[in-house]
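Per chain, numbering begins at 1; letters A, B, ... match sequence-line order. Not measured: the values here are computed from a predicted model.
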Number of protein chains: 2
Amino acid sequence: MDERIPRDFETLRATILDRRESLPKRIAQIAAYALDNPDDIAFGTAASIAASAGVQPSTLIRFAQQLGFDGFTSLQQVFRERLRERNSSYDERLQALRAKAEGGAGHRAIFDGFVAAASTSLNDISRTLDDAHLEEAISLLAKAQTIYVLAKRRSYPVATYIAYALGKLKIRNQLIESAAGLNAEMIAFATPADAVIAISFSPYAPATIEEARTISEQGVPIVAITDSSFSPLAQFARVWFEVAEADFAGFRSLSATMALAMALTVGVGEKRRDTARRRKA
Amino acid sequence: MDERIPRDFETLRATILDRRESLPKRIAQIAAYALDNPDDIAFGTAASIAASAGVQPSTLIRFAQQLGFDGFTSLQQVFRERLRERNSSYDERLQALRAKAEGGAGHRAIFDGFVAAASTSLNDISRTLDDAHLEEAISLLAKAQTIYVLAKRRSYPVATYIAYALGKLKIRNQLIESAAGLNAEMIAFATPADAVIAISFSPYAPATIEEARTISEQGVPIVAITDSSFSPLAQFARVWFEVAEADFAGFRSLSATMALAMALTVGVGEKRRDTARRRKA
DNA sequence: TATGGATTGGAATTATTATTTCATATTCCC
DNA sequence: GGGAATATGAAATAATAATTCCAATCCATA
């Protein structure tokens, strides 16, 4: 009776799962239904939910009370809150999580922060990405003999994933790494029949900018992924994408960039297959 | 009176925006409120919404009727449906997008697919991540003299990002790359005072598994990120995380893994700072 | 198999909420 | 500026929904 009542959905879920064994049959039935159809609980009336779950309304109320709520209505609040949360602007959630992490709320808060930053970035990019640019970039890259991938530091992980994916799709590509110090030579091989994917975010790695400049002066078309129209990359690029990644604890998400990178890669793969097929026919 | 009533939120929104000019003052007021706070409309009662919007409940009903609904309740349905839709399991959306992309629906569909895969993965991991494991992994890594980062192929981008972040946080680390072919030697340096972050997903890169085995036999504790309890990595690991990444067009998302990786990295950074501070005091 | 306690179903009750109504105010047009 | 049409506010009413209660049933245990 004086147990702690779950205030948020995850706690509630855990509580239910925890007690599942010890619940009476009908109560267990409604418990299972609740976890399977949380939306119905959020919106339905006691009677309608009870009917869908095949129990009496009173059972539903007993279920709520057993969990410590004082009735169905307060149980329902938790299910509604869940929908609100999920839907609430990720920005607000990020704010809150940042404050929480600052306040030393433990490592879970840090993790949640990174998840929220990633989600925000994904939301953002799917709102802002321009379809025409995507098409243009893919056509351009699909025509290239070799695709050069250019990125350093923070953007480097994206470059390695692009290179990996291009490799799997059997698309000739060259990752421009700095390790061996042979970048200049590597770049010298690129011709206007090739193409470059360049990725750089503020603060722009000077080497990336320099290499992009050189390569664009050789007449090689560049597709750039960067973070603003003022980016030095943008001026060298034939097509460029503005990607705003949310940051957390000083590190930016890469999710949006990754999603775009993969779309470009797979897009090129598809385009080539289409072209090949059409040529045969 | 016999106008078409909007059945979905977007249509409703358009209708409202369209008529905005011609609506009476109070009705316009509630209309603006509705578009600004759709969640409140979905969940509130006529009275509570009216109060928040600064109008009478009757006005709210008139607003609904003016739009062709027969009362507030049916207007509210549209706002609720919207939340349901938005929330409809990402899995279903993914299914749909996959089908769409298969059907050759253009490159935007591919992009959307990657975004959806990333979102699904993030959702998933924030549900399943175990806080205790996170704490344990961070403590373990925080004590290490050097953190070795071990990953190949698909997981390699994550490793490079971890290495980058550790570097920025001034935490000694060593990325085990295969390029130079000196992995065995590198690994030989690791001692039980160090620690490893190993990342591998099915199909597990044999080199990663081999290296993990060797290093664990040297008594170096391993934190693993992998995709199932059957993973060969799990058996060598002191702590391991199961991360299920959704895939699209044959490539898996890395978002969840990235978020976890960053949480580990920044968590270690914080833990070290705390420890240092405590020592001073 | 009898007995006590827990569980369940269903109707009665109570509370809450949407809707209607009507008096009053405002606006717009002649 | 006057009058009709429209809009608004407030309270009354109707509808709907949550909760309670009690009898019936089930289940474990002796």
R19(B) CZ to I27(B) CD1 distance, which is reported to the nearest 0.5 Å = 11.0 Å
B/S/- along nucleotides 12-21 of chain D (protein heavy atoms under 4.0 Å) is -----SSBBB
In whole angstrom, what separates I27(A)'s CD1 from dA6(C)'s C1'?
-> 11 Å
Residues Q29(B) and R26(B): side-chain donor-acceptor under 3.5 angstrom | yes
Quick one: do the S231(B) and S228(B) side chains pair a donor with an acceptor below 3.5 Å?
-> no
Assign L60(A) to base, sugar-phosphate, or nothing according to its heavy-atom contacts below 4.0 angstrom with the strands shown.
-> nothing
Is D39(B) salt-bridged to R80(A), going by a charged N under 4.0 Å from an acidic O?
-> no
Does a side-chain N-to-carboxylate-O contact under 4.0 Å join D274(B) and K271(B)?
-> no
Per-nucleotide protein contact string for nucleotides 24-30 of chain C, where B marks a base within reach and S marks sugar-phosphate only (heavy atoms under 4.0 Å, - for neither) | -------
Roughly, in whole Å, what's the span from CD in Q56(A) to P in dT7(C)?
-> 17 Å
Positions of residues 30-37 of chain A (non-hydrogen atom under 4.0 Å from DNA chain C), listed by number = none
Side-chain donor-acceptor pair present, T226(A), E242(A), cut-off under 3.5 Å = no
Would you sort out whether L75(A) and L12(A) count as a side chain to side chain contact (heavy atoms under 4.5 Å, CB included), showing the intermediate values?
-> CA-CA 9 Å; L75(A) 169 73; L12(A) 177 57; 3.9 Å; yes
Side-chain H-bond candidate by donor/acceptor type, T11(B) with D8(B), under 3.5 Å = yes
Measure the distance from CD1 on I49(B) to C1' on dT16(C) and round it to the nearest whole Å.
-> 15 Å
Ring center gap for F79(A) and F43(A) short of 6.0 angstrom | no
Do you know the tightest heavy-atom contact between Y33(A) and D40(A)?
-> OH-OD2, 2.8 Å
